[in-house]
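Have a look at the structure below, then the notes.
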Amino acid sequence: MNLFHRAREAIIKLWKRAHLTQILLLLGSLTVLIGLVYFAYLANAANVESLKQGLAQSTVIYDKDGDEASKISANRMEGVPVSAVPQHMKDAIVAIEDHRFYKHKGFDLYGIFRAFFKNLMAGRITAGGSTLTQQLTKNALLSPERTYKRKLEEVFLAIEIEKKFTKSEILEMYLNQVYFGSGAWGVQNAALKYFAKDVEELTLSESAMLAGIVNRPSALDPYKNYEGAVKRRDLVLNQMLKYEMISESTYHDAVKEQIVLKDGGGDPLKGKYPYYVDAVLNEAINHYGLTQDEILTRGYKIYTQMDQNIQAGLEKVYANQSLFPVSPDGTLSQSGAIMIDPETGGIRGLVGGRGEHTFRAYNRATQLKAQPGSVMKPIAVYTPALENGYSAESMLKDEEGMDFNGYMPKNFNHQYAGEVPLYTAVEQSLNVPAVWLLNEIGLEKGVASVKEFGLPIQKEDENLSLALGGTTSGYSPRQMAEAYSVFANEGVRANSHIITKIVGPTGNIEGEFKPKKTRVISAKTAKEMTSILLNVVETGTGRNANIPGYDIAGKTGSTQLPYSDIPNGTKDQWFVGYTPNLVAAVWLGYDKTDREHYLTGSSGDTVVPIFRSMMEQTLPHVENNEFGTPSVNKKLEEDQRSLMDRLKNFDEKMNEEAQKWKEKLENGKGNLKKFEEKLRETYRRFQEN
C-alpha cells in the first residue's frame, strides 16, 4: 500500500514538474483552433454568393450535344418571392423551426448546446439544433449525413450565408426549397398540392399545417396521416401563440378550422422524358453518391448521353397502344426498352414502362430482372464455340429425346432434323443443338463467356440450362444491350452509362464518367457472330424486324410459362438487335404472370414488331453504316454464285476447247483427204508405169 502511495506521489510530482496539464490544455486548444481555422477556411472558400442563383434554377438535364433536354421543375426558387408569402406562413415556419431566427447570426448556441446534451444522453445523434440558415446550408451545400464534422461545416457556412444575405432573402430561399412531402418542393407547390390555391391565399391554419410537415414530410403528409398533420398543426399554432405571433382568440379560431385537402398541384416532377430522367436520378444517386434531395433542390446541371431524337422516337412507339398485347381483363402488358451507342456505351434513349408514369417509378429498362431466354444463346454457347474452332457451317446434333444427365431440352416447334448447321440452329432458335453444343465445348467455357460479356451469374445457374437462358435472377434490357454491344463494337464492351458529368450550383464538377472498355472476344469472332445474327433478321425468327436499306442483326428470346396445360403461352419475350451504330433491347411481359396474364404467340410475332417500330423511328437520326461482313445467307449465295460462275467458266472453256478440237479435227480430215488423193494419184502413176 505504501508502495502504491509513493508511486502515486512520484507521478503527481513529475506531472507538476513537467507542466503536463498546461501542455495538454495547450495541445487541446491548438487542435481546436486548427479545426476552427480549417472549417472557417472551407466556409470562406465556398462560393455562397452563388447560392441564390443556384437555388433559382431547376436541375437541368442536357443531352449528348449539350442541349437542354429536360428540367426537373419542382425546384425551390421557381416558387414565389418572399413578399408574396403571407406573414402568418413566414411566422409559422420561424415559430416551429427556429424561433430565434431574427436574433442569431446563422447559428444558435443555445440550440446547439441543447441538441448536444440531448444527443449525449441518447448515445447517438437524434437532434440537430439547426437554425433555418443551417438547414438551408445543409440542403443547398452539404450532404444530409448527421455527423459532428458536417455540423461544424454547417455552422461556419451558415455564418458566411448570413454575411452575404439578409434575413428576408434567407427565408425566401428556405421557403422555396424545403420539401413539404407528396413531391411538393417549395411553399407554392405545397399550397397547390394540398389546398389547390396559391401561397398568398393560405389561411393561418393551412400555413401552420404546412410548417408542421417540414419536420417529417413523409410521416406527416396529410394525405397519408391527416390526424398526425392536424396534431402537428396545433403544435405550430401553440408555438406562434407562445412567441406572441398571434393572439389567443386567433389561435382558438385557427385550431377550430377544419382543414380541407384538395390536390391542385399534379405531379410537379413530371417533365419531358420522365423515364430517362428517373434513370438519371438513379445513376446520380447510386454511382455518384448524391441524394435525391440534393439533386432535386440544388440546381444541378447534369450532362447525359441522351439523343433527343431517339428518346422522342421511343416514347412515340410506347404511346402506340396497338403495338402491345392486352390481357382479357384489360390489364396492360408491360415493357422496357433501351438504346445504346456500342462504341461509347452511352445510353441514347430508354422507356421503362407503359401506362401512367410516377416519379422514380420501377424502370423496366434498367431495373428489370427477367430470364433472357434464347437471347442468351449467342453469348453462352455460340460465341465461345466460334472462339474454339467451330464455324457457321459446323454441323450440330438436333435429335429428339436427347438426354444430358436427366436434362432433356425440346425445340419450341417440336421438330427435329437430326443434324443442322450452326447458323440454322441460331436462325431458327433451336434449343437441342444449343444445349448439345454447350455440352460439347464444356459448360465452363459458356459460364466464362457470360461473365466476360458483363452479365453476373449465380453458382446455381452453372448448368446446361444456361444455354437457353435459364438463370435464377435474370437481366435487364440495359444489361442485355450492353452485352450485345460487343458484337457491334468488334469484340469490345464499353460500360453503359447515362451521365457524363454533373455540375453543381456553384459551378464545381460533382461527378464525371470515366470510360472503361474491355476486350471480350476477337474482332473476327464478333464479325462471324454478326453474320449469323444477320440471318436471324433476314430469314429467321426475327425476320419481322427487317427494314430495307439497313443492316440489322439480332436475336429473339422467350421463356416458358410455369403451366404445362398452356402450351402456346410465354412469360417473357425479348429481342436484342443492333446496327453498326446502335444496339437496342426490348422486353415484353407482365409484372405478375399468372393464368390470366401471359403472352401468346412467338417473340417474332409480338415483341419483334415493337423493335421494328423502334428502329423505324430512330434509325433515320443515326448514320447508316454497314457491318463490313455479309450475312451467312449472302455468303452462301456468293459462294453458290461463285461456284456457278466457275462452272459456267468451265463450260465455256470446254466449249472453246471442243471448238478448237473440232476445227483441228476438220483440218485433220481435210489434210487426210488431201493425203488420200495424193496417195491415189501416186498409185495411179505407179500402175501406168
Side-chain angles (χ1 to χ4, degrees), residues 270 273-276 278-279 310-339 348-358 361-375 412 429 469 474-478 480-481 537 541-547 552 554-561 563 566 568-577 582-619:
K270 191 173 183 179
Y273 314 132
Y275 275 110
Y276 198 99
D278 284 351
I310 290 176
Q311 181 63 31
L314 283 177
E315 293 190 3
K316 185 177 180 181
V317 170
Y318 272 71
N320 184 356
Q321 305 299 331
S322 64
L323 286 170
F324 299 86
V326 180
S327 69
D329 64 1
T331 300
L332 289 177
S333 58
Q334 273 301 341
S335 183
I338 196 166
M339 289 186 163
R348 298 297 189 223
L350 64 86
V351 176
R354 301 179 63 220
E356 185 178 355
H357 171 268
T358 57
Y362 178 53
N363 197 321
R364 295 164 191 84
T366 59
Q367 296 172 321
L368 178 79
K369 296 296 179 186
Q371 289 187 334
S374 292
V375 294
F412 184 77
S429 199
Y475 307 102
S476 66
R478 175 177 181 169
M480 296 312 301
V537 176
T541 56
R543 57 188 173 277
N544 285 333
N546 193 12
I547 300 176
I552 302 175
K555 184 71 186 73
T556 56
S558 61
T559 62
Q560 291 182 334
L561 283 175
Y563 314 115
I566 307 178
N568 297 321
T570 55
K571 182 178 180 290
D572 308 283
Q573 290 188 3
W574 290 83
F575 191 80
V576 186
L582 197 63
V583 182
V586 55
W587 167 87
L588 181 68
Y590 287 89
D591 287 338
K592 184 180 179 182
T593 300
D594 54 33
R595 290 183 174 275
E596 285 71 45
H597 305 94
Y598 60 88
L599 301 172
T600 57
S602 67
S603 299
D605 297 326
T606 312
V607 75
V608 172
I610 297 172
F611 172 88
R612 177 192 170 95
S613 190
M614 288 163 47
M615 286 302 202
E616 286 174 334
Q617 290 292 330
T618 58
L619 286 181

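Not measured: the values here are computed from a predicted model.
Counting only heavy atoms from C-beta outward, the side chains of Tyr563 and Asp594 approach each other to under 4.5 Å. Between Lys571 and Tyr598, every side-chain heavy-atom pair lies at or beyond the 4.5 Å cut-off. Counting heavy atoms from C-beta outward, Asp329 and His597 have side chains that approach closer than 4.5 Å. Looking at heavy atoms from C-beta onward, Thr600 lies out of side-chain contact with Pro325 at the 4.5 angstrom threshold. Between Arg348 and Thr618, the closest side-chain pair of non-hydrogen atoms is not below 4.5 Å. For the pair Ser603 and Thr541, the minimum side-chain heavy-atom distance is 4.5 Å or more. Counting only heavy atoms from C-beta outward, the side chains of Val608 and Ser602 never approach each other to under 4.5 Å. Contact of the Tyr590 side chain with the Leu599 side chain is registered, since non-hydrogen atoms from C-beta on lie closer than 4.5 Å.
Shown here are the ring-ring contact (aromatic ring centres under 6.0 Å, His included) partners of Phe324, two or more places apart in sequence or in another chain: Tyr318. Checked against side chain to side chain contact (heavy atoms under 4.5 Å, CB included), Asn568 has no partners two or more places apart in sequence or in another chain. With sequence neighbours excluded, no residue forms a side chain to side chain contact (heavy atoms under 4.5 Å, CB included) with Gln560. Listed by chain and number, the residues in a side chain to side chain contact (heavy atoms under 4.5 Å, CB included) with Ser374 are Lys377, Ser429, Asn431, Lys555 (sequence neighbours excluded). Residues satisfying the salt bridge (Lys or Arg N to Asp or Glu O under 4.0 Å) criterion with Arg354, sequence neighbours excluded, are absent altogether.
The minimum heavy-atom distance linking Trp587 with Pro477 is given by the pair CB-CG, 4.1 Å. Pairing each heavy atom of Asp572 with each of Ala370, the nearest pair is OD1-CB, 3.8 Å. Residues Ala545 and Val537 share a closest heavy-atom pair of C-CG1, 3.9 Å. Nearest heavy atoms, Ala279 versus Leu350: CB-CD2, 3.8 Å. Summarising the geometry of Pro372 relative to Gly469, their closest heavy-atom pair is CD-O, 3.3 Å, with the distance given to 0.1 Å.
Distance check: Tyr276 OH to Ile310 CD1 gives 9.5 Å after rounding to the nearest 0.5 Å. Atom-to-atom distance recorded for Thr366:OG1 and Ile338:CD1 is 7.0 Å, nearest 0.5 angstrom. Of the inter-residue distances, the one linking Gln371 atom CD with Thr559 atom OG1 reads 6.0 Å to the nearest 0.5 angstrom. Distance CD/Gln334 to OG1/Thr593: 11.5 Å, rounded to 0.5 Å. Rounded to the nearest 0.5 Å, atoms CZ (Phe611) and CD (Glu616) are 10.5 Å apart. Going from atom CZ of Arg612 over to atom CD of Gln617 covers 12.0 Å, rounded to the nearest 0.5 Å.
In terms of modelled atom types and a separation under 3.5 Å, the side chain of Asn544 and the main chain of Gly604 share a donor-acceptor contact. In this structure, the side chain of Ser476 does not engage the main chain of Gln367 through any donor-acceptor pair within 3.5 Å. Panel note: side chain Asn363, backbone Asp278; no donor-acceptor pair is recorded below 3.5 Å. Listed for the Glu315 side chain is no donor-acceptor partner under 3.5 Å among the backbone atoms of Val351. A donor-acceptor pair is defined here as one N or O able to donate and one able to accept, closer than 3.5 Å; no such pair exists between the side chain of Ser613 and the backbone of Pro609. With Ser327 contributing its side chain and Thr331 its backbone, the two residues share a donor-acceptor pair below 3.5 Å.
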query = Can you check side chain to side chain contact (heavy atoms under 4.5 Å, CB included) on Val586 and Ser335, steps first, answer last?
reply = CA-CA 7 Å; Val586 55; Ser335 183; 3.8 Å; yes
message = What verdict does the side chain to side chain contact (heavy atoms under 4.5 Å, CB included) test give for Thr556 and Val607, after you've listed the backbone C-alpha separation in whole Å, the side-chain angles of each residue and the deciding distance to 0.1 Å?
response = CA-CA 9 Å; Thr556 56; Val607 75; 5.8 Å; no
Test side chain to side chain contact (heavy atoms under 4.5 Å, CB included) applied to Ile552 and Asn546, step by step = CA-CA 7 Å; Ile552 302 175; Asn546 193 12; 5.8 Å; no
Evaluation steps, side chain to side chain contact (heavy atoms under 4.5 Å, CB included), between Leu314 and Met614 = CA-CA 6 Å; Leu314 283 177; Met614 288 163 47; 3.7 Å; yes
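Sorted by first and then second residue, the salt bridge (Lys or Arg N to Asp or Glu O under 4.0 Å) pairs involving residues 363-375 (not counting sequence neighbours) are Arg364-Asp591.
Side-chain polar atoms of Thr570 and Ser558 form no donor-acceptor pair below 3.5 angstrom.
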